Amino acid sequence: MAGDHNGFALKSLLCSELSASGHEVSDLGTHTAEEVDYPALCVEVCTRVRDGRAGRGIVLGGSGLGETIACNKLPGIRAGLCHDVWTAGISRGNNDANVLVLPAKRLTDDQAREIVSTWLGTPFKGGKHARRVAQIAALEGGG
Ligand SMILES: O=P(O)(O)OC[C@H]1O[C@@H](O)[C@H](O)[C@@H]1O
């Protein structure tokens with residue numbers, strides 16, 4: 001997990017709670033409320049997901065838009081910006097998202113907890129969605 005200055009507080013809360021519930025969690029920063037640039041934090045998370053050191057990644061920002069754009073620049077990363085439980089379920093079930101991006105400025109703690117829980121607990125549906133995920137992956141080579 002990682003988050004910029006906008007996501008720092010919620011990220012710290014979620015890290016603690018996920019750890020307490022038995023998940024193995026790495027907090028990759030930022031560790032203060034001081035303003036930071038988020039792209040490098042996205043790379044830290046996504047690199048671990050790509051090389052298998054992490055099963056999933058979670059990134060928090062203000063809107064989460066910049067983080068989503070940055071994460072999806074890395075081949076093999078399918079980052080979904082999720083505002084609610086519905087989009088969390090779609091991003092996993094249909095898109096096999098391996099990175100969850102949360103808009104910290106628009107979520108209560110409880111909303112964030114519900115989104116993360118749904119996202120972690122929803123399996124990929126496969127079938128026609130696997131075909132589409134493969135078509136997306138092919139775009140990484142220039143289409
Ligand atoms: O808070 P500032 O630095 O203005 O903007 C950073 C935010 O801009 C958005 O794309 C990202 O979600 C990031 O958190």
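We count ligands from 1, going down the list as the structure has it; atoms in each ligand are counted the same way. Predicted model, so just to flag it, every value in this text is computed and none were measured.
Atom 9 (C) of ligand 1 has its closest protein heavy atom at Ser63 OG, 3.5 Å. From the protein, the heavy atom lying nearest to atom 7 (C) of ligand 1 is Asn6 ND2, 3.7 Å.
Near His5, the atoms of ligand 1 lying under 4.0 angstrom from a non-hydrogen atom of the residue are 1 (O), 2 (P), 3 (O). Listed by atom number, the atoms of ligand 1 under 4.0 Å from Gly61 heavy atoms are 12 (O), 14 (O). Applying the 4.0 Å criterion to heavy atoms of Tyr38 picks out, from ligand 1, the atoms 10 (O), 11 (C), 13 (C). Shown in contact with Gly66 at under 4.0 Å from a heavy atom are these atoms of ligand 1, numbered in order with element: 10 (O). Against a heavy-atom cut-off of under 4.0 Å, Asp4 is close to the following atoms of ligand 1: 6 (C), 13 (C), 14 (O).
Judged by distance alone, the side chain of Glu140 and the main-chain N or O of Gly76 form a donor-acceptor pair under 3.5 Å. Under a 3.5 Å cut-off, the side chain of Arg92 and the backbone N or O of Ala97 do form a donor-acceptor pair. Listed for the Thr87 side chain is a donor-acceptor partner under 3.5 Å among the backbone atoms of Asp84. Under a 3.5 Å cut-off, the side chain of Arg78 and the backbone N or O of Val133 do not form any donor-acceptor pair. Formation of a donor-acceptor pair under 3.5 Å by the Thr68 side chain with backbone atoms of Gly64 is found in this model.
Distance remark: protein heavy atom not present below 4.0 angstrom from atom 4 (O) of ligand 1.
Residue Glu67 places at least one N or O, backbone or side chain, under 3.5 Å from an N or O of ligand 1.
Both Leu60 and Leu100 belong to a common hydrophobic cluster when Ile, Leu, Val, Met, Phe, Trp and Tyr are linked at side-chain heavy-atom distances under 4.5 angstrom.
Looking at Asn95 and His129, their side chains never come closer than 4.5 Å, going by heavy atoms from C-beta outward.
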